Amino acid sequence: MNLIEELRWRGMLQDMMPGTEEQLQKEMTTAYIGFDPTAESLHIGSLVPILLLVHLQKAGHKPLALVGGATGMVGDPSFKAEERKMLDLDTLQKNVNGIKAQLERFLDFDPAKPNAAEMVNNFDWFQHISFLDFIRDTGKHITVNYMMAKDSVKKRIEGENGMSFTEFTYQLIQGYDFYHLYTAKNCKLQMGGSDQWGNIVTGTELVRRKARGEAFAFTCPLIKKADGTKFGKTESGTVWLDPKRTSPYAFYQFWFRTSDEDAESYIKIFTFMEQQEIEDLITEHRKDAGQRLLQKRLAKEVTTFIHGEESYNFAVEASSVLFNKDTAAILSSLSEEDLMDLLNNIPKYEISRADIEAGKDIVSLAAESGLLPSKSEARKMVQGGGVSVNKVKVPGIDMVVNTESLLRDKYILLQKGKTYIVVQTV
RNA sequence: GGGCAGGUUCCAGAGCGGCCAAAUGGGGCGGACUGUAAAUCCGCUGUCUACGACUUCAUAGGUUCGAAUCCUAUCCUGCCCA
């Protein structure tokens with residue numbers, strides 16, 4: 001099975017330029033994907049592009065990961081309703097570095113290999129290009145009519161908020177990247193999410209007109225959930241790849257909670273499992289969906305890929321305790337070490353022991369620990385029966401937490417729905 | 001620079017002098033049911049020293065017993081014209 005066939009059955013192929021498959025058959029091809037430095041860490045939205053690069057490298061081709069130090073200064077307007085906030089240069093630089101560090105873990109950069117991955121930053125070539133040079137040498141090749149015809153731009157032009165010249169320029173800047181990589185690194189293929197199609201095509205166009213070369217492209221569909229809501233968000237926000245921002249436990253939980261419908265497509269996209277194995281697993285899962293076979297495996301594969309096996313094991317263990325029916329009993333029987341290990345995955349809040357000894361009302365504790373954003377919310381949530389202490393539902397807002405609630409004489413496990421916070425006395 | 005439209009709670013979007021912490025929808029969160037799924041149903045969704053008080057409807061002033069609603073100035077946004 002060649003790369004394109006592989007991606008196709010996995011459901012990772014949306015649009016493809018004619019000749020792309022042939023090009024990939026013909027020779028070792030260098031291909032790139034751009035990553036936006038909007039934050040210091042990548043999140044799971046970037047997972048698909050990363051996986052595309054990994055698949056590409058596995059198939060013997062050479063992946064380039066581009067971090068958009070320059071494009072990040074402009075902001076991609078594609079399908080966005082409003083003008084983007086500008087990042088200051090320091091933040092941008094920090095983000096670029098953070099993203100670089102993460103990407104390095106997923107691709108093989110061993111220079112001994114002919115298809116070693118490489119990292120590039122478009123700021124490196126854009127910083128030397130003057131505005132005049134750019135509009136003269138590059139802008140000449142593309143008409144405004146062409147740029148405006150793009151779906152991604154049309155919406156903004158017809159929309160209410162308009163679009164700045166800066167953002168309008170974006171596709172040309174990104175297009176130039178492709179041209180540059182084509183001439184400098186013989187890069188003939190660009191990949192990306194389907195929202196990037198317009199920008200990517202501008203790039204191939206530039207390669208054709210400016211360098212008289214031939215460039216190819218394909219995109220993968222944007223991941224959606226079956227119910228139409230946004231992929232990659234949880235109640236606590238974005239799911240990041242950085243364990244400091246999203247703990248491996250939370251990461252594992254995110255995948256574990258996938259719906260049956262989504263799990264079938266996700267397991268193809270987000271894991272490297274073989275086709276046969278996946279199909280068998282899906283059949284098996286359908287027989288008894290309550291077993292959550294798919295979700296378990298999906299969570300295992302992805303968590304291991306991103307955070308490693310050890311973190312995965314922790315996550316599983318923590319989950320099995322936290323979601324057990326007898327959690328309350330288990331919690332009080334665990335040794336301090338085991339409890340520590342378990343609680344380590346959960347956000348912590350420290351409080352002085354004296355405060356607990358004096359007795360602390362549940363509403364204040366929930367608010368101060370950050371379980372709920374304010375006392376009002378805490379009050380409402382408790383009244384609605386949404387808060388538990390050590391897995392026992394809080395009966396009312398006048399409940400007082402004191403030393404009797406301490407596990408191992410030291411910890412309290414606060415819970416709101418499926419999120420937990422550990423209160424630790426010091 | 002000129003003309004027009006507009007800035008309301010996370011978003012969309014009502015309200016146009018008291019009945020407004022502000023309709024409705026979406027989103028979010030929680031509960032029930034289940035399989036830590038989906039669908040469905042229910043509740044919550046400004047803050048607090050909490051049957052009451054306080055701060056909010058771009059900003060600053062003003063009119064009024066009383067303003068998100070009226071007036072004035074300022075700022076911002078979009079559209080059209082130069």
Side-chain angles (χ1 to χ4, degrees), chain A residues 77 80-85 155-165 167-168 224-239 247-267 281-282 284-300 302-303 315-327 330 342 345-346 360-364 366-368 370-389 391-398 413-421:
Chain A
K80 305 240 162 45
E82 283 172 21
E83 187 89 5
R84 282 211 330 205
K85 286 185 259 77
K155 289 213 172 87
R156 281 284 291 279
I157 291 185
E158 288 162 5
E160 287 197 345
N161 295 319
M163 176 187 217
S164 69
F165 177 71
E167 289 200 353
F168 180 61
K224 280 204 227 63
K225 293 208 275 180
D227 57 15
T229 54
K230 217 173 189 174
F231 169 78
K233 300 276 183 188
T234 66
E235 65 277 13
S236 41
T238 308
V239 180
S247 72
Y249 163 78
F251 188 85
Y252 173 83
Q253 282 289 323
F254 169 80
W255 294 103
F256 191 92
R257 285 175 204 159
T258 310
S259 69
D260 293 343
E261 222 173 340
D262 290 329
E264 290 194 12
S265 63
Y266 289 2
I267 199 149
L281 190 64
I282 289 178
E284 190 72 8
H285 176 261
R286 282 184 181 161
K287 275 189 222 151
D288 183 5
Q291 291 288 311
R292 310 177 65 82
L293 287 175
L294 269 180
Q295 287 90 337
K296 280 180 192 163
R297 187 62 189 274
L298 173 69
K300 174 183 176 178
V302 187
T303 309
V316 173
E317 227 166 284
S319 302
S320 75
V321 174
L322 254 21
F323 286 95
N324 194 292
K325 283 189 187 64
D326 301 317
T327 305
I330 296 176
L342 165 66
N345 262 302
I346 304 169
K360 187 97 183 162
D361 67 286
I362 183 65
V363 171
S364 311
E368 285 165 25
L371 186 71
L372 278 313
S374 72
K375 284 196 183 182
S376 292
E377 294 247 352
R379 202 173 301 249
K380 284 166 191 155
M381 195 71 341
V382 170
Q383 278 167 344
V387 177
S388 298
V389 168
K391 287 299 271 189
V392 180
K393 192 169 277 189
V394 173
I397 56 167
D398 39 16
L413 185 66
L414 287 184
Q415 175 187 12
K416 180 206 69 170
K418 291 177 191 114
T419 59
Y420 295 88
I421 282 189

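The model shown is predicted, which means the values in this text are computed figures rather than measured ones. Sequence lines set the chain letters: A, B, ... in the order given, protein chains first and strands last, and positions in each chain run from 1.
Each of A:Gly385 and A:Ser259 was matched to the nucleotide of RNA chain B holding its nearest heavy atom; the match closer to the 5' end belongs to A:Gly385. The 5' end of RNA chain B is approached more closely, in terms of each residue's nearest nucleotide, by A:Ser320 than by the other of A:Arg379 and A:Ser320.
Nucleotide B:rU47 has B:rA53 as its partner under the Watson-Crick or G-U criteria, with both atom distances under 3.5 Å. B:rC75 and B:rG7 make up a base pair, with Watson-Crick or G-U wobble contacts both under 3.5 Å. Shown here, B:rG35 forms no base pair; nothing in the strands shown gives a Watson-Crick or G-U wobble contact with both key distances under 3.5 Å. Across every strand in view, B:rA12 sits in a pair with B:rU24 that passes the Watson-Crick or G-U test at under 3.5 angstrom. A 3.5 Å limit on both hydrogen-bonding distances identifies B:rC81 as the Watson-Crick or G-U partner of B:rG1. Pairing for B:rU63 is absent, with no Watson-Crick or G-U wobble pair whose two atom distances lie under 3.5 Å.
Taking CG of A:Asp260 as the reference point, atom CD1 of A:Ile282 lies at 11.0 Å (rounded to 0.5 Å). Atom-to-atom distance recorded for A:Leu294:CG and A:Trp255:CH2 is 13.0 Å, nearest 0.5 angstrom.
Side-chain contact between A:Asp288 and A:Leu293: absent, with no pair of heavy atoms (C-beta onward) separated by less than 4.5 Å.
Heavy atoms of A:Gly290 sit under 4.0 angstrom from at least one base atom. Residue A:Gln253 is classed as a base contact, given a heavy-atom separation below 4.0 Å to a base.
For the OP1/OP2 pair of B:rA32 and a distance below 4.0 Å, the side-chain nitrogens and oxygens of A:Lys393 include at least one atom meeting the criterion.
Comparing the C1' positions of B:rG46 and B:rC33 gives an interatomic distance of 32 Å, to the nearest angstrom. Nucleotides B:rC75 and B:rA82 are separated by 25 Å at their P atoms, to the nearest Å. Rounded to the nearest Å, the gap between the C1' atom of B:rC71 and that of B:rG2 is 24 Å. Annotation: B:rU55 and B:rA21 have their C1' atoms spaced 10 Å apart (nearest Å). Across B:rG26 and B:rG17, the matching P atoms stand 30 Å from one another, rounded to whole Å. As rounded to the nearest Å, B:rG66 and B:rC19 have C1' atoms that lie 13 Å from one another. Of the C1' atoms belonging to B:rC10 and B:rC54, the separation is 23 Å, rounded to the nearest Å. Atom P of B:rC79 sits at a distance of 31 Å from the matching atom of B:rA68, rounded to the whole Å.
With sequence neighbours left out, A:Tyr266 forms a ring-ring contact (aromatic ring centres under 6.0 Å, His included) with A:Phe231, A:Phe270. Legend: residues meeting ring-ring contact (aromatic ring centres under 6.0 Å, His included) with A:Tyr420, ordered by chain and number and at least two apart, are absent. The side chain to side chain contact (heavy atoms under 4.5 Å, CB included) check on A:Ser364 picks up A:Lys360, A:Asp361, A:Glu368, A:Lys375, with sequence neighbours excluded. With sequence neighbours left out, the side chain to side chain donor-acceptor pair (under 3.5 Å) criterion links A:Ser388 to no other residue.
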Are there any protein N/O atoms within less than 3.5 Å of an N/O atom in nucleotides 43-48 of chain B, and if so, which ones and at what distance?
| from | atom 1 | to | atom 2 | distance (Å) |
| --- | --- | --- | --- | --- |
| B:rU47 | OP1 | A:Ser374 | OG | 3.0 |
| B:rC48 | OP1 | A:Lys375 | N | 3.3 |
| B:rC48 | OP2 | A:Lys375 | N | 3.3 |
| B:rC48 | OP2 | A:Ser376 | N | 2.7 |
| B:rC48 | OP2 | A:Ser376 | OG | 2.8 |

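The side chain of A:Lys418 sits closest to B:rA37 out of B:rA37, B:rG31, B:rC29. Distance from the side chain of A:Phe256 is smallest for B:rU36 among the nucleotides B:rG35, B:rA38, B:rU36.
Here the closest non-hydrogen pair linking A:Ile267 and A:Leu281 is CD1-CD2, 3.7 Å. The shortest non-hydrogen separation linking A:Ala299 to A:Phe256 is CB-N, 3.9 Å. Shortest non-hydrogen contact noted between A:Lys296 and A:Gln291 is NZ-O, 3.3 Å.
Between the C1' atom of B:rC42 and the CD atom of A:Gln383 lies a distance of 16 Å, rounded to the nearest Å. Atom CG in A:Leu298 sits about 16 Å away from atom C1' in B:rG35, given to the nearest Å. Distance, A:Arg292 CZ to B:rU36 P: 6 Å, rounded to whole Å. The distance between atom NZ of A:Lys296 and atom P of B:rU36, rounded to the nearest whole Å, is 10 Å. Summarising the geometry, the separation between CD on A:Glu261 and P on B:rG35 is reported as 19 Å, rounded to the nearest angstrom. Rounded to whole angstrom, the span from the NZ atom of A:Lys416 across to the P atom of B:rG28 amounts to 13 Å. For the pair A:His285 NE2 and B:rA38 C1', the computed distance is 11 Å after rounding to whole Å. Rounded to whole angstrom, the span from the NZ atom of A:Lys225 across to the C1' atom of B:rA39 amounts to 14 Å.
In this model, a side-chain donor or acceptor of A:Asp260 finds a partner on the base of B:rG35 within 3.5 Å.
A:Lys300 NZ: 12 or fewer foreign heavy atoms inside a 6.0 Å radius.
Between A:Glu284 and A:Lys287 a salt bridge is recorded (basic side-chain N to carboxylate O distance below 4.0 Å).
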Worksheet entry | Under 4.0 Å protein heavy-atom contacts per nucleotide of nucleotides 51-56 of chain B, with B for base, S for backbone only and - for none | ------
